[in-house]
Amino acid sequence: MKIFFYSLLISVFFGCQDKTPEQIKPPNILFIGIDDLRPELGSYGSEIAVSPNLDKLASQGLQFNKAYCQQAICGPSRASLLTGIRPETSGVFHNYIKFRKVNPDVVTLPQHFMNNGYETVYCGKIFHHGDKDDQKSWSRLPALDSMMIKGVKDPVGFALQENMKERSETRKAMFDKYGKIARYGLAMGNAYESADVPDNTYGDGYNTEMAIATMKDMLATTPDTPFLLGLGFNKPHLNWVAPKKYWDLYDREKIKLSTQVSGPENGAQVGLHPSFELRVRSGIPKKGEINEELAITLKHAYLACVSYVDAQIGKMISALEEAGVRDNTIIIVWSDHGWHLGDMGIWGKATNYEIATRVPMMIWTPDMPKGIRGKTTDALVELIDMYPTLTELAGLEVPDHVEGTSFKSLLENPNRQWKTAAFSQFPSPALREWGAFPIRPAMRETYFGPLLEEVEGRIIKQQGDKWDRVLFENNLMGYAMRTKDYRFIVWKDHTNPEKEPVFIELYDHNTDPLETKNIAKESPELVTKLMVQFDAGWKGSKSAIK
């Protein structure tokens, strides 16, 4: 026994001699979140996106080709991935619920790291706006004073005077006409802006500079303490504002629009919304189609924002390298949900379909096997899986409440047997405001009224006797299950889960990857089989992992 102990001690001692102090201390975490980014990157096969920095990171780490959010809207998605609990458990279904109000004692991802000796701090958007200053999650404030010392002005929403004036005048007009209901996003200014300004004029460039300064400050003041640094980008969320040089990366003539301009055949009419989030912007038709010229401009604006964010991520990673801590820092990049750019005839997130729920996600770790670097995996993973994964990679215990599954083993074998399904959900998208809140009565008195009448007419025509306003507006939840081959969406009363589904959708990704036709009615045996898997839920999907 003594011989074994001394052998182990010698092995550990001499093993550590090969490592620098930086390698011995727990790894730092660079936690990069991006708002509204679908997998529109070169590394994901985009033929037009200019994203060299994220493409480079993907070539060095592991890229997840089938990663899914738990709800395709900012607040619930971020609450889920940062608390480790799913929307169905937390009750956070829209942007106006603060996660601490309904789950006051939950230990968040950054809080768990802070409780285990990490310095935790964020710059930009990590939690959704109403939750961003959660005092239990962060150990320090960002280095805001560094920006003041350098004379960097506070970031702006618009840089051009005409756009500032437009937003101000539109906001006043909306409040004069509709009263307090206008504060729920009826006047947001122009949908896009191209201004010849420095990167730090807008929030994402500003926050990147501040994150770099914050990292340097932590390394100078607490060099022996590992850090979790959250860097959250607002773009490509509307409004699509980006410095002109990123717009100039694209040739407008080469921008292609979606060819899928209508919803799925036999799909749920309640499953697609009338693009509320875009229509509240100035210059956007309040009803009807988005014409081709405008659609190209909008996609151009989205792509410019993607490249703007990509450039900031490049700056942050370069700063890590210059500081000499890249070799002991885990870098993980994720988006909170996808975005329809005219796909299925809508503009926005907030659906249960592939285009809104599938997200880009990639990870780089210092000790990844060389043979894994630059690989991709088709394993079904979920944003909620990041919490346990980062916890395990840092050598910490995973809290009992966490409902995700660590994908640490995928970093060793990306092709190993994995979960059989990923799960997302969204409450009646067609009858929700663009923050996923049920339609307020006063909202029907605004310019949304005619749109809502059209939507309701289609839903009533499809559902017939099943139509019930209280159910469809407040209690109907679409639960999406993505398997290797199928997307299965079950529309149910979430307050009475024992009731039969109101509607079912089924899409075969082998023959219909764009989800153009619901085949549920013509595939009863397959529906029965998938319903068994659906009823087993996320816990059942884990049973396939060996």
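Keep in mind it's a predicted model, so treat the numbers as computed, not measured.
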Ring-ring centroid check [X] [Y], cutoff 6.0 Å:
X      : Y      : answer
Tyr507 : Phe488 : no
Phe93  : His494 : yes
Trp240 : Trp339 : yes
Trp538 : Phe423 : no
Phe227 : Phe113 : no

Modelled atom types, side-chain donor and acceptor of [X] and [Y], under 3.5 Å:
X      : Y      : value
Glu505 : Trp491 : yes
Asp310 : Ser51  : no
Glu88  : Gln425 : yes
Gln135 : Asp133 : no
Ser307 : Tyr250 : yes
Tyr68  : Glu354 : yes
His509 : Glu515 : yes
Asp35  : Asn234 : no
Asp385 : Thr389 : no

field: Nearest atoms (heavy-atom pairs only) where Pro39 meets Val359
entry: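 Looks like CG-C, 4.0 Å.
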Check this for me: does any side-chain nitrogen of one of [X] and [Y] sit under 4.0 Å from a carboxylate oxygen of the other?
X      : Y      : answer
Asp199 : Lys315 : yes
Glu209 : Lys150 : yes
Lys408 : Glu392 : no

Ring pair (Phe, Tyr, Trp, His ring centres under 6.0 Å) between Tyr192 and Tyr302, worked out: CA-CA 9 Å; Tyr192 54 87; Tyr302 184 91; over 10 Å; no
Counting only N and O atoms by type, is there a donor-acceptor contact under 3.5 Å from the side chain of [X] to the main-chain atoms of [Y]?
X      : Y      : answer
Arg78  : Ile126 : yes
His128 : Asp131 : no
Asp55  : Ser43  : yes
Ser46  : Leu41  : no

task: Report the relative orientation of the aromatic rings in His237 and Trp434; use parallel for angles under 30°, tilted for 30 to 60°, perpendicular for over 60°.
output: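 Because their plane-to-plane angle lies in the 30° to 60° range, the rings of His237 and Trp434 count as tilted.
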- prompt: Should the pair Tyr246 and Tyr308 be assigned to parallel (<30°), tilted (30 to 60°) or perpendicular (>60°) ring geometry?
  reply: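 Correct class here is tilted.
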- request: Using side-chain hydrogen bond (donor to acceptor under 3.5 Å, both in side chains) as the criterion, point out the one residue from Thr351, Asp36, Thr357 that pairs with His337.
  value: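 Output: one option passes, namely Asp36.
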Salt bridge (charged side-chain N to carboxylate O under 4.0 Å, His left out), paired with Glu382, selected from Arg358, Lys66, Lys419: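 Filter result, single survivor: Lys419.
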